[in-house]
Amino acid sequence: MMQKNKPILKTLAGEKTDIVPFWFMRQAGRYLPEYRALRAEAGGFLNMVYNPKNASEITLQPIRRFQMDAAILFSDILVIPQALGQKLEFLAGEGPKLEALNVDSDLGFLNPDKIDDVLNPVYDTVTMTCDKLKKEGFDQTALIGFAGSPWTVATYMVEGGGSKTYEKVKSWAYGSPEKFQQLIDILIVSTNHYLEKQIKAGAEIIQLFDSWSGVLDQVNFEKWVIKPTAQIALNLKSKYPDIPIIGFPRGAGTMSLDYAQKTGIRAIGLDFTMPCDWAAKNLQSILPVQGNLDPVMLLTGGKALDAAVYHILDSFPDKAFIFNLGHGVIKETPPEHVGQVVEIIKSYKR
Ligand code: 1CP
């Protein structure tokens, strides 16, 4: 049973809490020596993701150090393309590589009916992580399940990995929208299923990562970011009305307002380019917000870091707010810098 008294769940229900709840995107990962040790032992990233014992252990690692208000499932947004049948590799130090699709590809091989053959271990990780959180006494920490949003996952499927320009995926979406819609529809169905199963396994919050929403023009942002996100939010809310959804439309700028109003998400994550005063006035007035420390500030440390943390905390005094980064922890970040931020947040009273 879900405990509604966890601070972050109260915040996501719209309550202003005295102490600001916090977690950090990519809080589990390469900046932690205990992660690097486990990765060396497991022999690769996907061997950790699809091994519930390893993955749940990694999810717990940052919680044991810093007692965040939320743990986030250790997995990746690219398990969906892999489960659909697309070839995926994580080469050490190089990031993900996929066998790229293009506008002429026959999409028939992508099969949403069979994804659990690959994804079952991820659901086991969710359950095992809930058990460990309880057993280790982290009864204030909620578990976040997640997926990439259809647009962002599609960028990797079409570009074959990360990209600087997004020309391939944008050309397809702009030039052959009907065929591109087929790909997005496959991703909507799969993502809905994947997230429902995470919730059934014990996830208490869902975050949708739209890391590349910021590369689209307004008309296409509406079509490929807002619409698919709204379809997922509508489906999840109809089945699990108590599970809050946090959307993270990175780089969306002022289009975040449309995103907040039209998608049906419960809370919005801000990237670090978003001005706090604009966000407090236009976004926090209508829904809980989460954000938005620059990860490079966390890497830098010192007095600059203190000032940046206070600036954010002071900017969102009136309504529901969750402290986070504006993107993921950078792997060279000293863990002590994370501790420095946590100390400020824990002693900050609003
Ligand atoms: O050890 C390693 O070399 C693997 C590095 C790594 C990690 C730790 C990757 C490869 N993925 C992850 C875990 C991960 N990815 C988590 C769970 C851990 C946590 O947050 O604590 C989550 C939520 C993600 C989400 C993710 N993966 C996103 C969305 C968030 C974001 O960073 O914008 C994206 C875009 C990915 C793709 C991906 N996976 C891995 C890398 C290096 C990338 C980015 C590639 C690129 O730069 O385009």
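Counting starts at 1 for both ligands and their atoms, in listed order. Heavy atoms only: backbone and side chains are in, while hydrogens, waters and symmetry mates are out.
Side chains of Ile246 and Phe146 form no contact here, defined as non-hydrogen atoms less than 4.5 Å apart.
Follow the hydrophobic side-chain contacts under 4.5 Å out from Tyr348 and you never reach Ile19; the two are in separate clusters.
Not a single heavy atom of Gln207 sits less than 4.0 Å from an atom of ligand 1. For the ligand labelled ligand 1, residue Gly161 lies outside the 4.0 Å heavy-atom shell. Within the 4.0 Å heavy-atom shell around ligand 1 one does not find Gly148. The closest approach between any non-hydrogen atom of Leu73 and ligand 1 is below 4.0 Å. For the ligand labelled ligand 1, residue Tyr35 lies inside the 4.0 Å heavy-atom shell.
Judged by distance alone, the side chains of Lys132 and Ser56 do bring a donor and an acceptor atom under 3.5 Å apart.
For ligand 1, the polar-atom distance check against Trp212 finds no nitrogen or oxygen pair separated by under 3.5 Å. At least one N/O-N/O distance between Tyr156 and ligand 1 falls below 3.5 Å. Considering backbone and side-chain N/O atoms, Phe90 never comes within less than 3.5 Å of an N/O atom of ligand 1. The shortest N/O to N/O separation between Ser211 and ligand 1 falls below 3.5 Å.
Contacts between Pro96 and ligand 1, counted as non-hydrogen atom pairs separated by less than 4.0 Å, involve the side chain only.
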